[in-house]
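Heads up, the thing below is written out as C-alpha cells.
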Amino acid sequence: MNIMLDNHKLILDTHCEIYSLIKCSADGIFWNLQQHIDLNQVVPGAVYVIGREQVRLYSSQLRTLINTANIKTVFSNPHEGSETLLNHCHNYGIADLVLDHKILLVGGGDMDSTWPCLQYESFLTKILNYDENLLAQQKYQDQYSADRPYKFLFLNGRARPHRKYLLERLQHLLDQAIWSNLDAGNGTIKLLEPQYEHANFNVDFDTTDLTFVKPQLFPRNVWGDVIMEARPYLDTYFSLVTETVHAYSYSFRTEKIWKPVAIAHPWITVANRGFYRDMHNLGFQSFGHVIDESFDTIDNNQDRLERVAVIVEDLCQQDLASFLNECYNVCKYNQQHLAELQPRVQKEFPDRFRQFINERF
C-alpha cells in the first residue's frame, strides 16, 4: 500500500500537471484513460489524479468508473483556477460530482469552500524556470534608469470584459504606453513593436483578418505568455496588469502578475476584490504608500474597475521618476521573496496533497 496515502493506491495521469511533484509516490501511471480501461488496468478504490485533457475527452467514462469501480478522483488543472476552473467543471459535465465531493480539485486559484479544491501556485513556481526570464531580470538590473520614454506597460491577451473596458476607457493614454491586444474581442488587434517582443517571436504577419493572434505570434509548442523581455519594462514606469479573473470573488494569480514581480517593476493589478489582500497574505508587499489601493475592497466590479482607471490617470500626471524611486525597495523585496517562495511552494506540495486527500477520501 502506498505510504503517501492512508488507505488507497495512487494512480497518476502523466499529464496531470502535478505529476513531477508526486510521481515518486505513485502506484501506477497511465496516459490515456480509455486505453487504461480497455486494458482492464483500472484499480478499484484507488485515488486517480487526472489532468484536463483526459477529463475533457472521457468525462462520461470517468463518471462510470466513479460509480462502478469506486475510484477516488482528483481533477488536477492548476494551470486554471478560480473562475476558469469552475467553468471547466461545468463545461466538462462534472460540476455535480465535484459538489458531491466525488471529484476533488487541484487548481491554481482560490475557490468557494463548496468546491473542494487544493490550491497550488502553479504560475509562481514556473516564472523563474526560463533562461529568458533570468536574462531579462539581469538586463533590467544592469540597464535600470529613471529616464523612461513611456509611462506604463499594458499587455492584453484573451478577450475579457475588464480588458475591453480599460482599453476603451484609457484610450487617451495609450500613446503614452507600451501596449498590446491579442484578441479582437477586446478591440483592435495591436502587437508590440518588434524591439519590445522576444527575438524568437513572430511579429511579421498581417493581423487584418485575424481575431486572435497568439498562434501566429508564439512559436509552436512554446508558452509565450510566460516569457519576459526586459526592454518594455525598462522603458515604462509601471505595469497595468489585467489579470484573468475580475468578476469572480476568488483570486487566481497567473504569469501576468508574476512577470512584473519577477523583474522588479511596479504594478497596479486589475483583478477580483481582495486580490491585493491575498498577495499580502502570501508575504508580498504592494505600493499603498504611493498609490491609493483601497479599490481592492470595492465589491462592485464596475466601480472597482473605474477606480483603477482613475488611479492610472492620476498617476500619469505625477513625477514618475520619483514614483519609481519610491517603489524601488518594495519591488526588490518582492523579487527576492518570489525567488525564496518558489522552491518552498514546490517542496511543501506533496505533504499538502497527502493531507488534502487523506482528510477527504
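For the pair Thr114 and Leu99, the minimum side-chain heavy-atom distance is below 4.5 Å. In this structure, Leu192 and Phe201 have side chains that are not in contact, with every pair of non-hydrogen atoms separated by 4.5 Å or more. Side-chain atoms of Thr242 and Arg160, non-hydrogen and from C-beta on, never get closer than 4.5 Å to each other. A heavy-atom distance below 4.5 Å is not found between the side chains of Asp13 and Glu53. A heavy-atom distance below 4.5 Å is not found between the side chains of Tyr92 and Val98.
Atom CG of Asp204 has 12 or fewer neighbouring heavy atoms from other residues, nucleotides or ligands inside a 6.0 Å radius. Enclosure of atom CH2 in Trp223 by more than 12 non-hydrogen atoms of other residues, nucleotides or ligands within 6.0 angstrom is indicated. In the displayed structure, Glu340 atom CD is contacted under 6.0 Å by more than 12 heavy atoms of other residues, nucleotides or ligands. The neighbour count for Phe205 CZ, taken as heavy atoms of other residues, nucleotides or ligands under 6.0 Å away, is above 12. Within 6.0 Å of NZ in Lys102 there are 12 or fewer heavy atoms belonging to other residues, nucleotides or ligands. No more than 12 heavy atoms of other residues, nucleotides or ligands shown are found within 6.0 angstrom of CG on Asp147.
For the residue pair Tyr48/His36, the side-chain donor-acceptor check at 3.5 Å is satisfied. No side-chain donor-acceptor contact under 3.5 Å links Tyr120 and Arg352. Between the side chains of Asn129 and Gln342, at least one donor N or O lies within less than 3.5 Å of an accepting N or O. Side-chain N/O atoms of Glu313 and His172 include a donor and acceptor closer than 3.5 Å. In this structure, a donor-acceptor pair under 3.5 Å is absent between the side chains of Gln285 and Asn334. In this structure, a donor-acceptor pair under 3.5 Å is absent between the side chains of Asn186 and Asn156.
Between the side chain of His265 and the backbone N or O of Tyr233 there is at least one donor-acceptor pair closer than 3.5 Å. Under the 3.5 Å distance criterion, the side-chain polar atoms of Lys151 are matched with a main-chain donor or acceptor of Cys316. No side-chain donor-acceptor contact under 3.5 Å links Ser239 to the backbone of Val241.
The side-chain tip of Arg253 does not point at the ring of Phe123 from less than 6.0 angstrom away and within 45° of straight on.
Using the six-membered ring where Trp is involved, Tyr333 and His337 have ring planes that are parallel, under 30° apart on the 30 and 60° scheme. Classification of the Tyr276-Trp267 ring pair by plane angle, with boundaries at 30° and 60°, yields tilted.
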Worksheet entry | CA sep, side-chain torsions, deciding dist, call: His88, Trp115, ring pair (Phe, Tyr, Trp, His ring centres under 6.0 Å) | CA-CA 13 Å; His88 283 319; Trp115 297 81; over 10 Å; no

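Aromatic pair Trp31/Tyr19: ring centres not closer than 6.0 Å.
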